[in-house]
Amino acid sequence: MFDVKDLYQEVIVDHNRNPRNFGKLDPADKTLEGFNPLCGDRLTLYLNMDGEERISEVGFDGHGCAISIASASLMTENVKGKSVPEAEAIFNTFHTLLTDSSAALDLERVGKLAVLAGVRDYPSRVKCATLCWHTLKALLEGGGEPVSTE
Amino acid sequence: MTAAAPHGAAFPVERYRADFPVLARRVHDQPLVYLDNAATAQKPRQVMETLDDYYRDYNSNIHRGVHTLSEQATAAYEAARKKIQTFINAASHQEIIFVRGTTEAINLVAQSYGRNRLGAGDEIIVSEMEHHSNIVPWQLLCEQTGATLQVIPINDAGELDMDAYKNLLGDNTRIVAIGHISNALGSVNPVTEITALAHAVGAVVLLDGAQAAPHTSLDVAALDCDFYAFSGHKLFGPTGIGVLYGKQALLEAMPPYHGGGDMIKMVTFKKTLYNDLPYKFEAGTPYIAGVIGLGAAVDYVSAIGMDQIQAYEDELLRYATTAAVGVPGLTLIGTAAHKAGILSFVLDGIHPHDLGTILDHDGIAIRAGHHCAMPVMERYRVPATARASFAFYNTREEVDKLIAGIDKAKDIFN
Ligand SMILES: Cc1ncc(COP(=O)(O)O)c(C=O)c1O
């Protein structure tokens, strides 16, 4: 039995209520929308780059459930200042953490994102937690098409 | 009349609950509280046993065998059609077409009735509160024919703007397609009046009865609608089976929707002679068990009585509405004067999805999302709502648990 409070930890509730880096970056080097047509979650991600390789600034806005807003907020804190390969590596680890329950819970490697580990017990909510990351990945890969979880 | 029973006491809900095996299960170690009936209803033992009997005892194809099993299956299949005819008070069993569900029924009418008849300048009227399955088939038809789609707006309570409807109606109106009861708002629409007004300008009327069939007694003769669509799975029957009712003269004049076996009288490469109603619209081997199972579902609710079901549910919805409006920060979406079965709402600071997950932990199943009615969400400027939808097996205790679950969510978030 897991407790629903393991999912809605205080950190998540706090990031949902006061999302970090919330708001449009203007100007922004890159902008992309991501949405989840199933639940109507919609966010826009803004990036400023330091050269081609390093994320200097990141912001987002939009609306969604607590999991998607908190995840986006935590993501922006996490990837700011990181190189593109570093950011992608974190996403891979984070994604495995959420989707592969047989994988060892290597919480160290994802730092503060570990508060979202509870999402793995809720398969229908994984898309909420990963929407922002999929959007970031598409943005870094230079795709101009809005990202959809479906 | 016999002496009226005191307030709800005459409805033996516990006895009915015992017929639904799934209601005894636990979810996350809590008794299941199933409040997602508008998505699909649970099935009584009587329906499951009917399906089981068919497969165990007389599984065979219909309308084509001389052997005993086929005769039994054909008889059961056609008996179900008659049950449905009686259930909705259609004039003839030939007016009952079995389809996969409401969605297929509406597509059938759009294509088979509309495709050859409509053209540029013609108008189809729907409403702002329709389910996507009563919007998209008409949009497809518009693309194919050049007809245009017009939309009756709703007011803040979630009621159709009947004056706007009267203004939309005109000589060019060919089809009016309206939900009998809204799945997103619970509004019961004045479908008799809507139909009469449409007929006055020579338009045909399709009513989407997906949400009405489980909650209210149906009388297509009194409604005088031209087409009526509903799904078996929301009426305590199997998924994958539904009904299109159509007035015989209209169905006779419509071309088949699908071609294949069973829908023909004779096939040659020169000319194929279509079968009579209703078979003209039932190409291929149908979902035989589903039809027979739907017949059992109709028997089941008819034995309880649709009027009794409606009275009980109205009382339950009143109770739930009173409790919900007492929750600080809760806003009902859909407050029509005439409602059935559905409590749609949003909570300050708590997304419906999060509420859904938290309630699930207490065994409470609700729906969170746009309910396949994105225009309604847009109208109320919300991305999603939480929706509790009731059936006659739900109880006041379950409503109390829902409210307690909402309070718990508020504790987590505030
Ligand atoms: C009002 C309404 N119309 C149509 C449908 C579509 O029914 P089905 O998916 O069974 O075809 C639904 C079901 O969600 C509904 O609630």
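All chains are named by letter (A, B, ...) in the order of the sequence lines, taking the proteins before the strands, and each is independently numbered beginning at 1.
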Item to check | Sub-4.5 Å side-chain heavy-atom contact between H28(B) and V4(A) | outcome: no
Is it the case that more than 12 heavy atoms not belonging to [X] sit under 6.0 Å from its [atom1] atom?
X      : atom1 : result
R20(A) : CZ    : yes
K5(A)  : NZ    : no
Q30(B) : CD    : yes

Minimum-distance pair of heavy atoms, taken over all atoms of [X] and [Y]:
X       : Y       : answer
D3(A)   : H361(B) : C-CE1, 4.1 Å
H353(B) : C65(A)  : CB-CB, 3.9 Å
F413(B) : V13(A)  : O-CG1, 4.0 Å
R17(A)  : N414(B) : NH2-CA, 3.8 Å

Checklist entry - What part of M377(B) is in contact with chain A, defined as an atom under 4.5 angstrom from a non-hydrogen atom: side chain, backbone, both or neither? => result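 Interface part for M377(B): neither.
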Next on the checklist: Run the side chain to side chain contact (heavy atoms under 4.5 Å, CB included) test on H351(B) and I69(A) for me, step by step, so that the C-alpha distance in whole Å, both residues' side-chain angles and the decisive distance to 0.1 Å come before the verdict.
Outcome noted: CA-CA 10 Å; H351(B) 192 280; I69(A) 295 297; over 6 Å; no
Item to check | Which atoms of N16(A) approach chain B - backbone, side chain, both or neither, heavy atom under 4.5 Å | outcome: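 Only the side chain of N16(A) comes within 4.5 Å of chain B.
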Checklist entry - What part of L7(A) gets closer than 4.5 Å to chain B, counting heavy atoms only: side chain, backbone, both or neither? => result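 Interface part for L7(A): side chain.
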Checklist entry - Quick one: OH on Y8(A) to CD1 on I350(B), what's the gap to the nearest 0.5 Å? => result 9.5 Å
Item to check | Inter-residue atom distance T357(B).OG1 - Y122(A).OH, 0.5 Å rounding | outcome: 7.0 Å
Checklist entry - Can we say D360(B) and R125(A) salt-bridge, meaning some charged N sits less than 4.0 Å from an Asp/Glu carboxylate O? => result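 R125(A) and D360(B): not salt-bridged.
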